[in-house]
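Here is the structure we will look at.
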2 protein chains.
Amino acid sequence: MTTLGYAILGLLARESLSGYDLTQRMKGRVGFFWSARHSQIYPELARLEGDGFVTHSVVEQRDRPDKKVYEITASGLQALKGWITQPPPEKPTRDELTLKAYSVWLADGGEAARVFREEGLKHEEQLARYEEIRARMEDEWREGISDPGSPQFASYATLRRGIIHERGYAEWCRWLAEAVGGEVPISGRGGA
Amino acid sequence: MTTLGYAILGLLARESLSGYDLTQRMKGRVGFFWSARHSQIYPELARLEGDGFVTHSVVEQRDRPDKKVYEITASGLQALKGWITQPPPEKPTRDELTLKAYSVWLADGGEAARVFREEGLKHEEQLARYEEIRARMEDEWREGISDPGSPQFASYATLRRGIIHERGYAEWCRWLAEAVGGEVPISGRGGA
DNA sequence: ACCCGCATGTAAGTCGTTACATGATTCT
DNA sequence: AGAATCATGTAACGACTTACATGCGGGT
């Protein structure tokens, strides 16, 4: 069983979805630390069905093309449950920006500062988006969030991971940009 | 040019190394956010040499097998410099533990708490190792660290990234373990 | 007529891991 | 004699990306 398989089961455990719906949720989506394209999802769904972890039923639609809606089976739910509490295999971290930092001593200070400042901004923006979602969650799901047995709690947990990640990354970028370049441009030349 | 190619050039810009030496430095090593096995490194070195980014010379050794020592060329250094200040393509984050958290609402609270507590410990241990290295760096490289034009500074920068990463990850694991399980076992049953 | 969103697939290629393969030298 | 480290490669496989391919229905 692949990790992608469990990612799909994790979504189907919450609600039945078509391959297309799954693809939408896997598009680098908020709070969900995995991603996949439709070209990977459709074959994986076939494999999951072959293993008896999901079943599908065709839903006919008038105004749109028909779709196959996938549902998790008891066997699939069992497999998913078993996977959750198994310690994950540790995979080496690969981060291209940090790799660039490893060679930053060779670069022009100003240019390097610009890159790390820009990347820092991206993470700050993502952080802001996450904080907004968090505010909405804490507002709308007051009970769910405090109940570890609810999917809302789990969503909140992954979101928290995202917030901590972005906060730390942004902090590091800002520090490094400052250290290599120093001077922040007084007013931009109009570019991004 | 692949990212691995730049990772190798980044190491060779600091010192000339053999494929074997490169492999040692790529074994999930401290402060260096990339990794590769020898089976990937040797072919990549051949490719880099074909592109004129590195050259090698055979060094004969009496007490050990001979080795090919690779050196970065002017062209290789130029390519590396150009790469550093290019914004990296954003790649989707894939984190299996966070994915597990997304389905944690289905799991037994105690078992889940154990997993996240254990993972948290691993990150705390890695953090401790990083902090130790940092202390030594700050002690031994006092000048290098404050000079953005020195490789020591760059090493320190990647190490800082590692520290922030581990700190954030450990914090999240502790929070989640607490939230799902609560009670910490008074005394272990002897296991890890 | 053309583009966009919905909907589902296959094929080719890249990157990385695991396994296969060989050989020298040193230590026990 | 056998294990461990140094040293360099190739082959098979799996995961993921990009591109190819098709078709319906609605809006401009």
Side-chain angles (χ1 to χ4, degrees), chain A residues 1-9 11 16-29 32-51 54 56-70 88-96 99, chain B residues 1-8 11 16-29 32-51 54-70 88-96 99:
Chain A
M1 185 71 149
T2 65
T3 306
L4 174 61
Y6 291 112
I8 292 173
L9 291 183
L11 284 164
S16 293
L17 296 165
S18 68
Y20 185 84
D21 294 331
L22 283 163
T23 304
Q24 299 312 109
R25 278 163 181 72
M26 292 267 195
K27 274 186 180 157
R29 277 266 164 250
F32 194 53
F33 274 47
W34 206 263
S35 84
R37 308 295 174 87
H38 77 275
S39 60
Q40 218 188 339
I41 290 169
Y42 288 112
E44 186 64 30
L45 279 170
R47 254 212 51 224
L48 288 170
E49 187 153 44
D51 291 346
V54 302
H56 82 266
S57 50
V58 177
V59 172
E60 285 173 40
Q61 298 180 120
R62 261 151 277 165
D63 52 340
R64 280 185 265 178
D66 297 353
K67 60 178 176 179
K68 296 185 188 174
V69 173
Y70 287 85
E90 48 176 313
K91 297 230 210 91
T93 322
R94 283 202 180 83
D95 185 298
E96 199 166 331
L99 187 65
Chain B
M1 185 71 151
T2 63
T3 306
L4 175 60
Y6 291 113
I8 291 173
L11 284 164
S16 293
L17 296 165
S18 68
Y20 185 83
D21 294 331
L22 283 163
T23 303
Q24 299 311 108
R25 279 164 181 70
M26 293 266 195
K27 273 186 180 157
R29 276 267 163 249
F32 194 52
F33 274 48
W34 207 263
S35 84
R37 308 294 175 89
H38 77 275
S39 60
Q40 220 188 338
I41 290 169
Y42 287 112
E44 185 65 29
L45 279 168
R47 254 212 53 223
L48 288 169
E49 187 154 44
D51 292 346
V54 303
T55 52
H56 83 267
S57 50
V58 176
V59 172
E60 285 173 40
Q61 298 180 120
R62 260 151 281 165
D63 52 341
R64 279 183 267 178
D66 298 352
K67 61 178 175 180
K68 296 184 188 175
V69 173
Y70 287 86
E90 46 177 315
K91 298 227 208 92
T93 321
R94 284 203 180 84
D95 186 297
E96 199 167 331
L99 187 64

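As the structure is a computational prediction, the values presented were derived from the model and not from experiment. Labels below follow one simple rule: chain letters A, B, ... track the order of the sequence lines, proteins then strands, and each chain is numbered from 1.
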> Taking only N and O in the side chain of B:Y20, is any of them less than 4.0 Å away from OP1 or OP2 of D:dC6?
Replying inline: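 Looking at the OP1 and OP2 atoms of D:dC6, one of them is under 4.0 Å from a side-chain N or O of B:Y20.
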
>> Using the salt bridge (Lys or Arg N to Asp or Glu O under 4.0 Å) criterion, which residues pair with B:R47? Sequence neighbours excluded.
In response: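 Partners of B:R47 by the salt bridge (Lys or Arg N to Asp or Glu O under 4.0 Å) criterion, ordered by chain and then number, come out as B:E44, B:D51.
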
> Going through the distances and angles, do A:L17 and A:Q24 end up as a side-chain contact (heavy atoms from CB on, under 4.5 Å)?
Replying inline: CA-CA 10 Å; A:L17 296 165; A:Q24 299 312 109; over 6 Å; no

Nearest-angstrom distance from the residue atom [atom1] of [X] to [atom2] of [N]:
{"X": "B:E44", "N": "D:dT8", "atom1": "CD", "atom2": "P", "value": "16 Å"}
{"X": "B:M26", "N": "D:dT8", "atom1": "CE", "atom2": "C1'", "value": "16 Å"}
{"X": "A:L22", "N": "C:dG9", "atom1": "CG", "atom2": "P", "value": "12 Å"}

> What string of B, S and - do you get for nucleotides 15-20 of chain D, 5' to 3', when a contact is any protein heavy atom under 4.0 Å?
Replying inline: SSBBB-

> Which residues pass the side-chain contact (heavy atoms from CB on, under 4.5 Å) test with A:E49, sequence neighbours left out?
Replying inline: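 With neighbours one apart ignored, the set is A:V54, A:T55, A:H56, A:Y70.
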
Between the protein and nucleotides 24-28 of chain C, which nitrogen or oxygen pairs come in under 3.5 angstrom?
residue	atom	partner	partner atom	Å
C:dT25	O3'	B:D63	O	2.6

> Where the side chain of B:Y42 is defined as all heavy atoms beyond and including C-beta, which of C:dC6, D:dG9, C:dG9 is the nearest nucleotide?
Replying inline: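 Output: D:dG9.
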
Atom pairs and distances, side-chain donor-acceptor, residues 60-67 of chain A, under 3.5 Å, sequence neighbours left out:
residue	atom	partner	partner atom	Å
A:Q61	NE2	A:P65	O	2.7
A:D66	OD1	A:Q61	N	3.1

>> List the residues meeting side chain to side chain donor-acceptor pair (under 3.5 Å) with B:D95, not counting sequence neighbours, and say none if there are none.
In response: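 Side chain to side chain donor-acceptor pair (under 3.5 Å) check on B:D95 returns B:T98, B:Y169.
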
